[in-house]
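Let me begin by presenting the structure, written as structure tokens, before commenting on it.
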Amino acid sequence: MAVFMTLLNSKVGQIMTTLILIILLIAGGVGYFAWYNFRREVPIVYKSAEDHFKYGSINSGGIPFFIWEVLPDLFAEHLPGPGGYQSLGFIWEEGKEMPIGVSKSIVGFPRQGSTCALCHSTTYRKSPKDTPTLVLGAPTQKFDSIANIRFLAACGNDAKFTPDNIIPAIEANHQLSWSDKLLYRYVIIPQTQKALMGLGLGFAWTNSRPDPGPGRIPSFNPVKFINFRLPLDDTIDNVDDPPVWNQRKHKGFDYHWDGLETNLTETTIMGALAAGTKPDNVPLENLQRVEDFIRLIPPPDYPFDIDPVLASQGKPIFDNNCASCHAFGGDRTGTVIPIEEIGTDDHRIEMWTQAAVDGYLAVGDGEEWDFTHVQKQNGYVAVALDGIWLRAPYLHNGSVPYLRDLLEVPSDRPSTFYRGYDVYNPNQVGFISQGREAQQEGFAYDTNLEGNSNQGHLYGTNLSTEEKQALLEYLKTL
Ligand code: HEC
Ligand code: HEC
């Protein structure tokens, strides 16, 4: 009997051990399968700093690459026009897999993300027939970030967003294994749909405020309301995308339109968080490469003729009227000018609250990086004017289409115009903002809407016509 029990015990023991082994193997297999398909990272490294700026991942999340690729075909009716993503203002270089400002990374499966170049690069044309010239580091003229978000949300909310529609569309471009297909059908597509619907809800507050249109974004309210979950307020934060070139010469400046940061590395990380990077996933090395790059990008030369005599007549006018706030080395250049003094639209300042400052000061706690230079100020930075010709429309809210208009009193500045057309007007110094083409390709900007005011900044408005002409010529040389 005892012998029988031992035999039984050892038999039971063997079976148990085998069972445990099988369970462990299955668990390990499932774990490996999950890791391989969702977490395995395959770095995509761009050798050139330029390509890294355009396409290099900043871990900004985004949506599955293969799904992102097929949305414009499947949901063309939700785009503002024909031409796929280009109708939202993406710049697509010939023969490239994705537009500038979009990254592809592999974390388990290929994922799409945003890069800094999305809002910080542009094209311009000297005439409608010209091939567009690309300038990295420039404020985007055409990319419409809110229209992009609304397009993605509309796709997610569309009854056609189903595996039966999406998988065959993906398979027209890529081979999917049977296990890939199962993953897309039962996990990736449903989760993406949920995320896109969530994106729409997260940005619903933009529906009750004026649209920013191309070249502008709501700057920090998305982070306040979505990331920090601060209570909704009714502030309006639509701002013009700024340039990021020539940063080595901006050392010591206050950053962002209202000077809420004073450190470039922190400003760069802020850019990544705004693009969707999670605080515990900030790719410091990749961002350092971007920072090194934007330090060195030169501001672009004015592409039309400049009259050297007239420009030299403009220099003393600039020195007397503008240099203290705008020349490199000027007493107030790169510092905040109080709102009572500058008199431009104050909505952007009202948006930036102490609660937002506190949120940023806390968000890096426990990480390898931290924000320690975030602050609340009460005015706008007197920016250096390097490459000013390509920064039209002017002021923090992009409310003045031409540089020539900025030298006129506000009542003589255009009260409505179109922005988003990339053909340049060398006479007025800015992008063409009136007429049929500008209307067809552009977005109607109304300075009477909240946050869009073109008041303030009266410097130079009392100069004579000849002096203004000379000053304008000089400004083209900066
Ligand atoms: C979705 C558009 C968008 C993306 C993506 C983006 N930025 Fe920006 N960036 C802006 C806007 C808009 C501002 C101005 C915000 C404000 O002050 O209200 C800004 C401000 C800046 C500034 C301050 C410029 C100055 O002179 O004050 C720097 C530097 C900068 N961004 C770098 C980056 C970097 C680096 C990345 C990528 C890691 C990035 N940005 C991603 C839109 C963007
Ligand atoms: C007292 C300081 C001060 C003086 C003097 C001054 N500015 Fe400005 N300037 C500013 C500030 C501050 C801003 C940003 C205001 C805003 O965006 O609301 C600005 C913005 C600008 C912009 C728009 C920049 C952009 O990227 O959109 C231009 C162009 C400009 N100034 C040109 C001039 C010229 C030309 C003169 C001389 C005739 C001049 N400024 C005199 C403080 C000054």
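In this text the structure is predicted, and so the values were computed from the model without any measurement. These numbers come from the heavy atoms of this one structure, side chains and all, not from hydrogens, waters or symmetry mates. All ligand and atom numbering here is 1-based and tracks the order in the structure.
- Residue contacts with ligand 2: Thr344 is placed with a nitrogen or oxygen under 3.5 Å of a nitrogen or oxygen of the ligand (distance criterion only).
- In this structure, atom 26 (O) of ligand 2 lies nearest to the protein heavy atom Arg391 NH2, 3.2 Å.
- Of the listed options Asp240, Thr461, Thr333, Ile342, Ile342 places a heavy atom closest to atom 11 (C) of ligand 2.
- Using 4.0 Å as the threshold, Leu264 has a heavy atom nearer than that to some atom of ligand 1.
- Side-chain atoms of Glu266 and Thr372 form a donor-acceptor pair, as typed in the model, at a separation below 3.5 Å.
- Listed by number with element, the atoms of ligand 1 under 4.0 Å from a non-hydrogen atom of Val290 are 35 (C).
- The nearest protein atom to atom 16 (C) of ligand 2, hydrogens excluded, is given as His396 ND1, 3.5 Å; this is a heavy-atom distance.
- Ligand 1 places these atoms under 4.0 Å from at least one heavy atom of Asp241: 10 (C), 11 (C), 12 (C), 42 (C).
- Within the protein, the number of N, O or S atoms lying under 2.8 Å from atom 8 (Fe) of ligand 2 is 2.
- Close contacts between ligand 1 and Cys119 involve ligand atoms 1 (C), 2 (C), 3 (C), 4 (C), 5 (C), 42 (C), 43 (C) [criterion: under 4.0 Å to a heavy atom].
- Counting the atoms of ligand 1 from 1 in the order shown, those under 4.0 Å from a heavy atom of Ser219 are 15 (C), 16 (C), 18 (O).
- Lys224 and Asn221 share a donor-acceptor pair across their side chains, judged by distance under 3.5 Å alone.
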Q: Show your working on side-chain contact (heavy atoms from CB on, under 4.5 Å) between Lys104 and Arg111 and close with a plain yes or no.
A: CA-CA 6 Å; Lys104 180 181 179 184; Arg111 298 176 194 237; over 6 Å; no

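- Of the candidates Ser60, Gly215, Pro242, it is Pro242 that places a heavy atom closest to atom 19 (C) of ligand 1.
- For ligand 1 and Thr115, the ligand atoms under 4.0 Å from any heavy atom of the residue are 5 (C).
- Here is the list of ligand 1 atoms found below 4.0 Å of a heavy atom in Leu287: 38 (C).
- Within the 4.0 Å heavy-atom shell around ligand 1 one finds Arg348.
- At a threshold of 2.8 Å, atom 8 (Fe) of ligand 1 has no backbone or side-chain N, O or S atom of Cys116 nearer than that distance.
- At a heavy-atom distance under 4.0 Å, no atom of Met270 approaches ligand 1.
- When non-hydrogen atoms are compared, ligand 1 lies under 4.0 Å from neither the backbone nor the side chain of Glu261.
- Defined by atom type and a distance below 3.5 Å, a donor-acceptor pair is present between the side-chain atoms of Tyr85 and Trp68.
- One option in Ile337, Val429, Val381, Leu395 has a heavy atom closer to atom 13 (C) of ligand 2 than any other, and that option is Val381.
- Protein heavy atom at the shortest distance from atom 12 (C) of ligand 2 is Tyr380 O, 3.3 Å.
- Closest to atom 5 (C) of ligand 2, if we only count protein heavy atoms, is Asn321 O, 3.4 Å.
- No donor-acceptor contact under 3.5 angstrom links the side chains of Thr123 and Gln141, judged on distance only.
- Residue contact check: Trp257 has heavy atoms under 4.0 Å from atoms 14 (C), 16 (C), 17 (O), 18 (O) of ligand 1.
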